[in-house]
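Just so it is clear, the model here is predicted, and its values are computed rather than measured.
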Amino acid sequence: MGAGNRVGAARIALWAVVAALGVRQIAMLLRTPPAERLTDLETWTGEEGVLHVAGSLYDADRFIGTPFAGLVLKPLARSAEQSLGVAWTFGTLLLVAVLGMVVARALPGPVSRRTALLAAPVAVTLLMLSLPVRNTLHLGQTSVIPVLFVLLGCFQARGERSSGVLIGIAAALQPTVLLFAPLLWFTGRRRAALTTGATFAACSALAWAALPQDSWTHWVRHVAGAGLGARPDSLANQSLHGALLRLGLEGPLEIALFLLLGAAVAVLGLRRAVRYARDGQLLLAVALTGCVAVAVSPTAWQHQLLWVLLAVVGRVGERASDRLVWPAAVVLVMTLPGTMLLPNVGPLIPVRDNALLVAALAAACAVPFLPRTSPYWLQPLPTDCARPVAGRWSRVPLLPFWRRVLTRPNLLLELLLIRAGYSAYSQVRTAAAGGRGAAEENARHIVSVERFLHIDVERWINHAVAKADGLEAFFDFYYSSFHFLVPLAILGLLYARRPADYRWARTSLGFATVLALVGFWLFPLAPPRLMPGLGYIDTVHGPQDLTSPEYGALTALTNQYAAMPSLHFGWSLWCGLVVVLLAPKLWMKLLGLLHPFFTVCAIVATANHWVLDAVGGAAVVGAGFGLTYLLAGPRALRPSASAEAGVSPPDAAPCDGGQVPAGSAGSGAPEQERIGTTAAHGPSAPPGTGRG
């Protein structure tokens with residue numbers, strides 16, 4: 001299959017993903033009870049919604065929009081029907097699709113033909129997966145509209161006046177959008193900046209004339225809407241004001257600190273945005289200005305944080321291997337809850353609770369995005385990859401484009417991916433709980449098979465260890481302590497000393513863990529300690545009340561029926577095999593084999609697993625190594641010299657085939673496949689000129 005056909009197939013597949021996500025959202029809406037879906041929309045337009053009931057929009061503090069937004073939405077209240085929710089969701093999905101296509105066309109050039117074809121479906125997919133859009137679709141909010149109006153004003157509007165009108169209407173709906181007026185002014189679009197301010201004033205005056213009491217309440221009593229809706233110190237408010245309140249500050253001190261920090265962020269962030277706009281990266285400048293608006297707003301609810309995702313377009317890093325670090329970090333923060341990204345550890349809790357704000361502040365004030373004048377913009381330092389080693393079968397590796405990178409991956413990104421992967425593993429493991437009856441029935445089958453094979457030694461070992469206090473304490477400690485410690489230590493050592501082998505080992509462990517999740521889902525299994533009538537002693541957790549369907553508080557924390565396969569033994573076997581394969585000394589290899597030996601003794605002695613569970617753990621680990629071999633080829637690498645002295649390694653090659661030629665976008669596509677860019681992408685082009 002040629003390169004063009006592969007790109008076309010990928011484009012079709014990505015648009016199919018977009019369609020599937022849209023269908024899933026509509027299906028979720030239809031399955032949700034009417035009282036629980038589109039709660040904000042129902043609050044506004046329902047039979048007793050704030051847009052129906054006579055009186056102020058803000059009597060119940062349920063409406064958080066501006067008076068102009070209420071004025072625009074009031075006609076919906078008169079025509080609201082049961083089908084409005086479906087129509088609203090369809091309309092929101094359409095706006096998200098339009099937003100993604102505008103973003104794709106606004107990428108700073110030059111852009112490869114492959115990027116031009118894939119950018120739109122990738123952008124729409126990321127938007128639909130992001131927390132702000134999912135929150136918007138769940139609540140029935142309108143926060144996509146201001147973002148779309150700003151992008152249309154910057155990239156699609158013809159003339160400064162129409163650009164200013166669009167951005168001014170967006171500011172009337174979301175006041176902090178007024179920060180785009182300074183961006184327009186300092187990049188030479190002064191008429192657009194003045195039109196933005198005039199349009200905002202006109203819309204607000206119209207709303208004041210039609211709804212004077214509501215306007216007074218919003219602008220004066222609540223200071224531009226601050227304090228409306230949920231509590232400002234709730235986790236949903238990802239602004240500097242919300243973060244300071246969550247840190248325990250309040251009163252005049254908190255207000256003064258918020259104003260001081262907000263001013264500093266606004267000045268620094270807007271200066272950076274103006275610099276990148278003048279550099280021809282207008283989309284990045286728009287994203288940074290939006291991140292400033294998120295930080296300095298008194299309340300920035302989750303559905304209003306779409307600006308942060310747009311910052312993914314910035315390029316960071318001089319090396320090609322570093323280019324995906326910033327986009328991957330942004331996508332993780334914008335698609336996963338903070339509890340999946342960081343553990344529940346005291347010093348990390350403030351960062352976890354304010355992950356979206358931290359991302360916004362980093363983008364606006366700190367991340368060193370490359371200018372287009374940088375020599376590394378189009379020509380990043382290439383990534384060294386190992387030359388392929390022939391496998392035993394001609395078709396191995398099955399994925400020839402899977403490169404064996406020699407350099408170590410970015411540590412921050414690795415930690416984020418490991419944490420997110422483990423959180424997903426924990427959630428799937430918990431969700432895979434089968435019924436107690438099925439788990440106990442499967443356990444009886446396991447007992448029958450082990451008796452047939454004459455390996456049913458669990459009860460004898462369990463009681464023998466329970467009678468020996470020293471052995472019981474040792475195996476209880478080993479079971480509870482080394483399950484995570486040893487694999488993490490090996491991964492850390494490989495990361496520091498042997499990065500290429502770290503990538504191989506980490507991939508094989510990931511495959512084994514995913515396969516184990518399939519086993520948990522398909523074969524719920526009660527461990528020996530939870531089998532009534534068999535007389536096992538739970539040496540780690542203490543006696544369990546087997547007459548209680550909940551087994552006490554323990555079953556509320558984790559899935560007690562995820563016993564087959566045993567990842568306690570599987571991960572320990574992975575550790576032993578990695579040490580045997582990579583350790584230089586015989587005594588190290590023998591020491592590495594002790595860990596799976598002690599682990600299998602511990603899981604049986606503590607009555608946490610059957611012997612066949614260990615066999616299952618060994619099977620998924622073997623499959624993990626096998627999948628890695630089939631997809632990426634043999635583990636062995638040809639020795640290569642360091643390229644730091646400017647000498648090309650004899651057995652290593654750049655992953656992209658060599659230094660990127662001048663005039664390309666760094667994707668390896670030939671020059672004739674580059675597409676042209678509009679004047680808006682030139683280094684001296686101001687915002688609002690051209691389509692992007």
Considering all heavy atoms of both residues, which atom of [X] and which atom of [Y] are nearest to each other, and what is their separation?
{"X": "Gly100", "Y": "Ala123", "answer": "O-CB, 3.6 Å"}
{"X": "Val308", "Y": "Ala360", "answer": "CG2-CB, 3.8 Å"}
{"X": "Ala157", "Y": "Leu166", "answer": "CB-CD1, 4.1 Å"}
{"X": "Thr299", "Y": "Asn237", "answer": "CA-OD1, 3.2 Å"}
{"X": "Ala192", "Y": "Glu160", "answer": "N-OE1, 3.2 Å"}
{"X": "Thr289", "Y": "Leu179", "answer": "CG2-O, 3.8 Å"}

Between the main-chain N or O of [Y] and the side-chain N or O of [X], is there a donor-acceptor pair closer than 3.5 Å?
{"X": "Asn354", "Y": "Pro350", "value": "yes"}
{"X": "Gln379", "Y": "Tyr376", "value": "no"}
{"X": "Arg11", "Y": "Leu117", "value": "yes"}
{"X": "Asp233", "Y": "Arg246", "value": "no"}
{"X": "Arg272", "Y": "Val367", "value": "yes"}
{"X": "Arg134", "Y": "Leu129", "value": "yes"}
{"X": "Ser234", "Y": "Arg231", "value": "yes"}
{"X": "Ser374", "Y": "Pro371", "value": "no"}
{"X": "Arg315", "Y": "Trp377", "value": "yes"}
{"X": "Thr187", "Y": "Ala277", "value": "no"}

Hey, could you give me the [atom1]/[atom2] distance between [X] and [Y], rounded to the nearest 0.5 Å?
{"X": "Thr66", "Y": "Phe200", "atom1": "OG1", "atom2": "CZ", "result": "8.0 Å"}
{"X": "Cys154", "Y": "Ile167", "atom1": "SG", "atom2": "CD1", "result": "4.0 Å"}
{"X": "Leu257", "Y": "Leu247", "atom1": "CG", "atom2": "CG", "result": "9.5 Å"}
{"X": "Leu348", "Y": "Asp353", "atom1": "CG", "atom2": "CG", "result": "10.5 Å"}
{"X": "Thr92", "Y": "Leu99", "atom1": "OG1", "atom2": "CG", "result": "12.0 Å"}
{"X": "Leu95", "Y": "Thr142", "atom1": "CG", "atom2": "OG1", "result": "10.0 Å"}

Can you find a pair of side-chain heavy atoms, one from [X] and one from [Y], that are under 4.5 Å apart?
{"X": "Pro380", "Y": "Arg323", "value": "yes"}
{"X": "Cys365", "Y": "Val265", "value": "yes"}
{"X": "Leu332", "Y": "Leu417", "value": "yes"}
{"X": "Leu21", "Y": "Val124", "value": "no"}
{"X": "Phe180", "Y": "Thr196", "value": "no"}
{"X": "Val150", "Y": "Val286", "value": "yes"}
{"X": "Leu152", "Y": "Val102", "value": "yes"}
{"X": "Val177", "Y": "Phe149", "value": "no"}

Could you point out which residue of Met334, Gln302, Gln238 forms a side-chain contact (heavy atoms from CB on, under 4.5 Å) with Leu131? Gln302
In terms of the angle between their ring planes, are Trp326 and Phe369 parallel, tilted or perpendicular, with boundaries placed at 30° and 60°?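 The arrangement is perpendicular - the two ring planes meet at more than 60°.
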Verify side-chain contact (heavy atoms from CB on, under 4.5 Å) between Trp185 and Leu194, making sure each step is shown before the conclusion. CA-CA 8 Å; Trp185 181 274; Leu194 293 174; 3.9 Å; yes
Should we say atom CH2 of Trp15 is surrounded by more than 12 heavy atoms from elsewhere, each under 6.0 Å from it?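 For Trp15, atom CH2 is crowded (more than 12 foreign heavy atoms under 6.0 Å).
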Atom CZ of residue position Arg191 - does it have more than 12 heavy atoms of other residues, nucleotides or ligands inside 6.0 Å?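 Count not over threshold, so no.
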Working note: Val325 + Leu412, criterion side-chain contact (heavy atoms from CB on, under 4.5 Å); need CA distance, chi angles, decisive distance, verdict. CA-CA 8 Å; Val325 174; Leu412 175 61; 5.7 Å; no
Modelled atom types, side-chain donor and acceptor of Thr136 and Ser143, under 3.5 Å: yes
Establish, from distance only, whether the side-chain atoms of Thr115 and Ser112 form a donor-acceptor pair under 3.5 Å.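 The answer is yes; a qualifying pair exists.
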Run the numbers on Arg271 and Val274 for side-chain contact (heavy atoms from CB on, under 4.5 Å), then give the verdict. CA-CA 5 Å; Arg271 288 184 62 182; Val274 169; 5.9 Å; no
Residue list, side-chain contact (heavy atoms from CB on, under 4.5 Å) with Glu254, at least two apart or on another chain: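 Residues passing side-chain contact (heavy atoms from CB on, under 4.5 Å) with Glu254: His241, Leu244, Leu245, Leu249, Phe258.
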Between Gln156 and Leu151, is a side-chain contact (heavy atoms from CB on, under 4.5 Å) present by the stated rule, with each step listed? CA-CA 7 Å; Gln156 298 294 322; Leu151 291 177; over 6 Å; no
Is the Trp208-Phe68 ring centre distance short of 6.0 angstrom? no
